[in-house]
Structures are given as structure tokens and as C-alpha cells.
Amino acid sequence: MEKYNPEEIEIKWQKKWEESELFKVKYNREKKKFYILEMFPYTSAQIHMGHVRNYTIGDVVARYKVMNKYNILHPIGYDAFGLPAENAAIKQNIHPKEWTYKNIDTIRRQLKRLGISYCWEREVITCDPEYYKWNQYFFIQFFKRGLVYKKKSPANWCPSCQTVLANEQVIDGKCWRCGEIVENKNLEQWFIKITEYAERLLDFSGIKNWPERVITMQKNWIGKSEGCEIYFYIPEIDEILSVFTTRADTLLGVTYLVLSPYHPLVEKITKVSSNSKEIEKFIERIKKASLTVQDILKIEKEGVDTKIFAVHPITQEKIPIWIGNYVLMEYGTGAVMAVPAHDQRDFEFAEKYNLPIKIVIKNPEWKEIPEKLEKAYENHGIMVNSEIFNGLDSEKGKEEVRKYLEKINKGKKSVYYRLKDWCISRQRYWGTPIPIIYCPKCGIVPEDEKNLPVKLPDEVKITGKGESPLKYVAEFLKCKCPVCGSNAERETDTMDTFVDSSWYFLRYASTWMENKPFDKDEVNYWLPVDQYIGGIEHAILHLLYSRFFVKVLKDMGFVNFEEPFENLLCQGMVIKDGAKMSKSKGNVVDPEDMIKKYGVDTLRLFILFAAPPEVDLEWSEKGIEGCWRFLNRVWRLHSEIKNYSEQNQEHDEKLKFMINKVVKGITEDIEKEFQFNTCIAKMMEFINFLNKELNEKKVSKYIVIECWKKFIKILYPFTPHICEEMWESLNEKNFLFNEDWPSYEELEIVEEKINIGVQINGKIRGNIEIPPDFDAEKIYNLLLNNEKFKKIIEGKKIIKKIYIPNRLINIVIEI
RNA sequence: GCCGGGAUGGCGGAAAGGAAGACGCAACGGACUUAAAAUCCGUUGGGAGCUUGCUCCCGUGAGGGUUCGAAUCCCUCUCCCGGCACCA
């Protein structure tokens, strides 16, 4: 028997697949379509285990769906713009373009070696001008629709990456890429109005099956908060101050107001205040203090009294106005009404500055309203000290107060979101140039569409310093205004790379298009993506931006669907020794080493078998050896079967029953939740069983071959190479890729006797053999013939007999 | 604090409300071998008993509940992971 030689087999079949263009997308509108997509890789040096897991899962789905007669789109591309290319440029003195394309060649070779069934004709490379041209085109469309604007604002500045970051890219006050603490820097930036789509992004009804946690993360990120704006009149400056609250029911408990130091009314108030010196000192100190986003979280609550008063909209009382460091200008109206009795922050502030505390919500557990509170009571209760609202339940009171305020024009219903507009400017070279021109006569004008792409110049000096390298490339910078023709200058910032990945999945539908980003019919046929697979780390970033992009494109008539990804699977990480694989921890396992040692099929099998896809997978050298043994067993069994000549039919029906059961089980496990680990367990069980049957020689050659062919087909999506080799050696001419997934009949049970559990009062007491067609009564009579059960049951009053077919019988007796 | 997800042998993990621990790993015993590797065949949740292959008890983070029957459903709690958080 020939030894299992994975490398030889795998390379042979990969070559054959390529030569026959097996995975090329076919034009076939009769079949049902299925778009299976894995998140494209960032073009860093090479593939790691996380990629192997991601792409293997996708490949199993793709091959399974093809065999189930779907028309498949399964593309791949490269997320090729971004900072690491520039860092490499500085470090290794290599051009970012060269570095990137070199890496793409490596990754492509590795993906091919993994045997993933991609349609290679549809590669997308985001740093290709033919691709980023459309980033610029979309930018201009967004600009024309008023969804793009420029403003100077405090930006998240990463001192290590020397560029700004979007809010989504700041994690715990640190840069998502390098972990450096993010600073604030005032810069002119381009923004996309994602906030206009906040409400639609909160609507997940167009999504079929996403992990609950991803939806929660997006909801948290958008952070919708429904409440009420309330107007307080300030007579001394004749202005109305608007505050936002979600607790209008506590309005009568307001004892002071607090403004953010950045609030627009602060200046006016300071002017007329008798305490202006103190205020100025305070504000200056606060503005200087808040350097990093992290610091803000730790700062102690402080404030200053303006000695100016506002009028309470209901009681007409004079309410003191303070300025406090804990009120954010970026959220709500930048001013809050303080209710120290029912908000812990306000409570602490009031204690510190001796401000009054007025209880207006009665905790149902209180017998009486306490003189003094230990801490704020933040829950709901009965409204007290609240004039006409007394006695109302505070939940209901919220509505009532709001309605009343609306009636007297002192407030209105209002909604705020945590979500901020998407800052897409990056002061870097290796990205899509923002197609904007600054003309001394016309101002800010977008580049003419027919001049796209605005190409990145190749000649550039990359320094890694805080300004875009494009500023120093004269040929790039100098241009003509597309409106008036005068000498003008280009924008030198480039786009966030998340713009690239917000629509790449649309480009795959028709990568050949030259005059359009994509063909409308093709995109509307293939999209939405039926199954998207990728890491959880993009739960907010990429997945939110893509949803937003598609919604805008729909509104502009480019596409006719609302959601890009109907089903999402977030695969878990591959970890070793309890930690994510990383160079710094020295626990990296290189996929190429594993392929050399065991072959791709074994690697794929292990990665699918060790855990369900969405759970973190602990790397185990012993575990992969187990999978290696399994494939060797399959291989040996295959040649045994070829030499097998037995005619004995005694167990033929049993074998047919078993393969039928396995096919059914695996089909269901894949359809249900992509439970590849249990699929593989079932195939292992079958192999154990078949091995025994062959040794006992109670099955006939004809049936063994028939069942074995079915087995090869169901193993195929998991370990395609070894299966093709076995298939071919059975004189089969077709690629398994073009074979149909085996069908299964509803199980005919052939056994004459089945074994069921016996429970007495729900407690398992043993088991008994019964003919399959017996009912509860007949089984009960059998039990009476059995020494053991007879002893327990005899003489007792039988209350109930419950028979669960093929599983167990439960006799309920009186004790 | 709010929201979401978890907790099952020595380990990774299985289990329509119906025999908990499939499958794999590790461990142990045996076969083959001069020997080892490889391979094959057994045993393997914990505890107790004896007549040694059978009987009993306990067991899915903890405690209650529903049910003939709960890892699974409900309530309370503990711990772990993830997200959001001076968000008004």
C-alpha cells in the first residue's frame, strides 16, 4: 500500500483545479445564488492561523453549497492601503507599493497552498488606482449629497502613528493599531455624516443571522438616548439655555445647572458675572488639563459658580448656574440640569459645593421621605414635591412633564446619539487621495469626475512626521481648478482605509467594470452577501461603516438592498497557552510549518475539529496529530476497501443505515450552525464502525463501495485534496466539486431489537432490549419478566407509564 | 453602573426537556516487535460495596422552582469573558 503523502496529493490537485478553472464563477441565473465571503486580508507579510481558520471555514461552506447546487460567488482580495506599508518603507527603505505587492504575492501563494476555492479572476486590490478611483468617485457623490464636510475640531491624534484616528479606532483611549495613548489635537479634518444614518443603523431588521453580541456592540456604539430638551431662561443675558435630560420626571428636583467650559454661552455669562475672574481662571485650567482621552476618565469633578441664575420653567425659581469639568460639550446640548437627589454625580458635586438637595422621587421602600440622603436615589418611584405631578409614577411622569413643557413651549422631545461623524482624513501617504481642490477663487471644489483617479505619485519622501508627505510633492500638489481653471492646490490628506473596505464586497460582483464601480445588475444579483465570515474585532469598525455605505448607496440608487451582509459568522481566535498568538509572546505557530509537517488537509481538519467556529480555539500539537492519524486511517481504509472482495451481506443493511445517519447528521449540523466539529466527530464514528465491519467481513463489497463513495463526498468540503485522490482511484472522472451532495432517506431502522433506558420515577435503573414496534404497555410487560425491574415495580401502584420512542421508558410508581 | 455572552471529566469539547460526558487528546493495560516508533485491541467522571462484573450513591458554577423526567425552561446568587460608560 502506498503511504499517504499529502504534499504530493495536494499539489497535484491544486494544479488540476487551477488548470481546469474549476472555481471560476459561472454565469448561471437558473440556479439559486450564494455569495460566500471572508473578510479580505490586510497585506502584512504573511498569513497566520487566524486567517487559516477564517478561510477554511469559508471554503467548507463554499464547497458544501456548490455541491448543493448553488451558483457560488467566492472571491478574495487584499486590503492593501495603510500605515504598516509606510512604516516598512521607513524601516526597510522599500517603497510602500513594492512592499505591498510583494506581500500580496506571498499571501496569494499561501492561499492557493491552502486550497481555498476562490475565483482568482475577481481579485480586488485596494491600492490599485482602478479600485481607489471609485473611493474618490463615491467621496464626490457623498460630497454632492451633503454627506461630507470639513471642520476644525479636536481630533484623536496618535503620536506613534502620526495621524488622526476616527472615534471607532480609539479603544480605551488608545490607538487600535499600535496601542499608544491618544492625544487631542485641533486639526482641519474631513468627516462623513454617518450620524445622519444613526436611526437606520439601529434597525437590524434587514439582517437574518448575526451574533447577538455584534448587534449589541453596534447598538452600544450608536448609543441612542431618548429624552427631553428643557429650556431655562437666563434674564441677565436674555438668553435661553437648553439642557438635555432623560429624566424629565426629576425636573422639580433641579437645584442648579451646569455648563461645559466649552459651552457657547459661557463667554456671555462670564462678562456679566461678578465672579468672572474665578471663572476665567477655572476655564483656563480645565482647557489646559485635558490632554489625553484617558485622563478625562480619571478627573475629579470640579466646578465654579457663575453667580448668574436661570429661571425654572415650572416653579419660576432662581436656579444657580455653574460651570463644571464633567459636562461634555460633545454630548447633548453641553449643559445639564443637576438633580443631586437622583443622580450620583450631581449628588457628589452638590455635597462638595454645598448646593441644596431636593428629593422629588420617593423610593417605594421608604416609609417616609428621609431628611438626608446617603447617596442619590436613581431608580424610579412616586413623584413628590413636584406640584401638579405629585403622586404620579415617575416612569409615567417623564411623559407627563414632557407633554406639559411642550404645551407651555418650555421643552420638547429629543433624541441624542453617542455616535459621532466619521473622520476619514489621514495625514499619510499610503491611502486614497481625497479628491478635493482648494481654489483661490472658487474655494473648496471636488475634482472633476472625468479626471479620476487622482493618482498617488510614486516619487515621495516618507518621513513618518506629522504632515502628509503629499504636501511636498509639487507635481501632486499643484493643479488647475476644475471650475475656473486657475492655479490651485490639492488636498493632501488621504482617506481612512476603512473607506476601501466599506464597499470592496460590491466590487467583486463585477471586477471587470472600467467606467463604473460595479455593474448594477450583477451587484443586485449577487448581493447581499449570504454568508460573511470574519473576526469579531471588526464588529463596530468595518461592519458599521459597510452598513452605512450600503445604505447611502441605496439612497443614491446604486444598489437595491439595504444591508450588505445577511448572515455573519464571527470566528473565534486561535490561541496558544491561553493567549492570542503574537510575536511578542513567542507563541506563534506558522501555518506553513504545519503544512510541511502534515499537509493542508490535516491542518484544515484540526482547525475545524478542535472547537465550534465561533469559540476561541486552543492550538494543540497533540490535537493536530490526532487529525493526522485520522486521515491516515481513512487512507488505509481506502486501499483496504479497494482490495476487499467479501460477498457476505449480513450487515449490509446496517452499514447503509449508518452512512445514511452520518449524511443526515452532517447535513443538519452544517445547515444549523456550521457545527463542523460535530460533523467531523460523526465521520470519525463512521470510520471506527466501518473498520470493525470490514474486519468482521460481514458486509459485501458492492455495498461497501457504495457507502464509501458517499463518505468521500461528505468528507470532501473539509479535506478536499485527499478526497479527490481517493475519488479518482475509484475510477471516477468528475471533480468532486461538480458532484452532488449525497441525499439521505429518512432513516429506516433495520435492527430487530433496540435498547432503551428504563427509568423508575425518572431515575435511570438500567436498560432493556425491545422490538422496535413495542408500545408502553408491551414494554411494561417485558419489564415484569425481568428479575431486576420486577423487584422494584412489583406490588407498587403504577401511576403512569411514559415511553419516549427509541430512547427510554419511565415507570412512575407510588412510593 | 448598563447591555450581551458564558461556566459540563485531567484537557478540547458532545448532548430535540428523555440513558450526561459523543468524538478527539492525555493516561493506563494488552497485541505486534530483539527493541523502539508506527499501527491495532481494550479500560478510563468521582466514590462505596461485594460474589470482579455487577449493585448502589454522588455528579453539568451555587441555591431554589416547574416537570414523570432539567446541562437544557423559570427565579435568586457567585465567578469569568466581551462591549459601552462623568452620555446627563
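From a predicted model like this one, the values you see are computed outputs, not experimental measurements. Protein chains get the first letters and strands the later ones, always in sequence-line order, with residue 1 at the start of each.
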For the pair made of CG in A/L631 and P in B/C23, what is the distance, rounded to whole Å? 18 Å
May I ask you to check whether A/T250 and A/H342 show a side-chain donor-acceptor distance below 3.5 Å? no
Mark up nucleotides 63-75 of chain B, 5' to 3', with B wherever a protein heavy atom is under 4.0 angstrom from a base atom, S wherever such an atom reaches only the sugar-phosphate, and - elsewhere. -----BS------
Indicate, with a heavy-atom threshold strictly under 4.0 Å, whether A/N767 touches base, sugar-phosphate, or nothing. base
Check the interface with nucleotides 47-55 of chain B: list each N/O to N/O pair with the protein under 3.5 Å, or write none.
unit_1	atom_1	unit_2	atom_2	d
B/U55	OP1	A/K788	NZ	3.1

Please pick, from B/A15, B/G13, B/C86, the nucleotide with the shortest atom-to-atom distance to any side-chain atom of A/Y326. B/C86
What's A/T245 touching, base or sugar-phosphate or nothing? Going by heavy atoms closer than 4.0 Å. sugar-phosphate
Does A/K301 reach a base, just sugar-phosphate, or nothing at all? Heavy atoms under 4.0 Å. base
Using a 4.0 Å heavy-atom cut-off, does A/V258 contact any base of the nucleic acid, only the sugar-phosphate backbone, or nothing at all? nothing
Whole angstroms only, please: what is the CG-C1' distance between A/L808 and B/G17? 11 Å
Measure CG/A/D669 against C1'/B/G13 and give the value in whole Å, please. 14 Å
Between C1' on B/A88 and NE2 on A/H263, what's the gap in Å once rounded to a whole number? 13 Å
Can you name the side chain to side chain contact (heavy atoms under 4.5 Å, CB included) partners of A/E814, sequence neighbours left out? A/K797, A/I799
Under the rule for ring pair (Phe, Tyr, Trp, His ring centres under 6.0 Å), what residues qualify as partners of A/F609, not counting sequence neighbours? none
Name the pairs: protein N/O against N/O of nucleotides 38-44 of chain B, kept only if under 3.5 Å.
unit_1	atom_1	unit_2	atom_2	d
B/U39	O3'	A/R636	NH2	3.1
B/C40	OP1	A/R633	NE	3.1
B/C40	OP1	A/R636	NH2	3.2
B/C41	OP1	A/N691	ND2	3.2

Students often get this wrong, so: under 4.0 angstrom with heavy atoms, is A/P612 touching a base, only sugar-phosphate, or nothing? sugar-phosphate
Have A/Y377 and A/Q344 got a donor and an acceptor in their side chains that come within less than 3.5 Å? no
Strictly under 6.0 Å, is that where the ring centroids of A/Y353 and A/W322 end up? yes
Taking any heavy-atom pair under 4.0 Å as a contact, classify A/R418: base, sugar-phosphate, or nothing. base
From the list B/C86, B/A88, B/G4, which nucleotide is the closest neighbour of the side chain of A/V336? B/A88
Applying a 3.5 angstrom cut-off to the pairing atoms, does RNA chain B sit in any stems of at least three consecutive Watson-Crick or G-U pairs? List them by first number. B:1-7 with B:78-84, B:10-12 with B:23-25, B:27-31 with B:39-43, B:45-50 with B:53-58, B:61-65 with B:73-77
Just how far, in rounded Å, is C1' of B/C84 from CH2 of A/W221? 9 Å
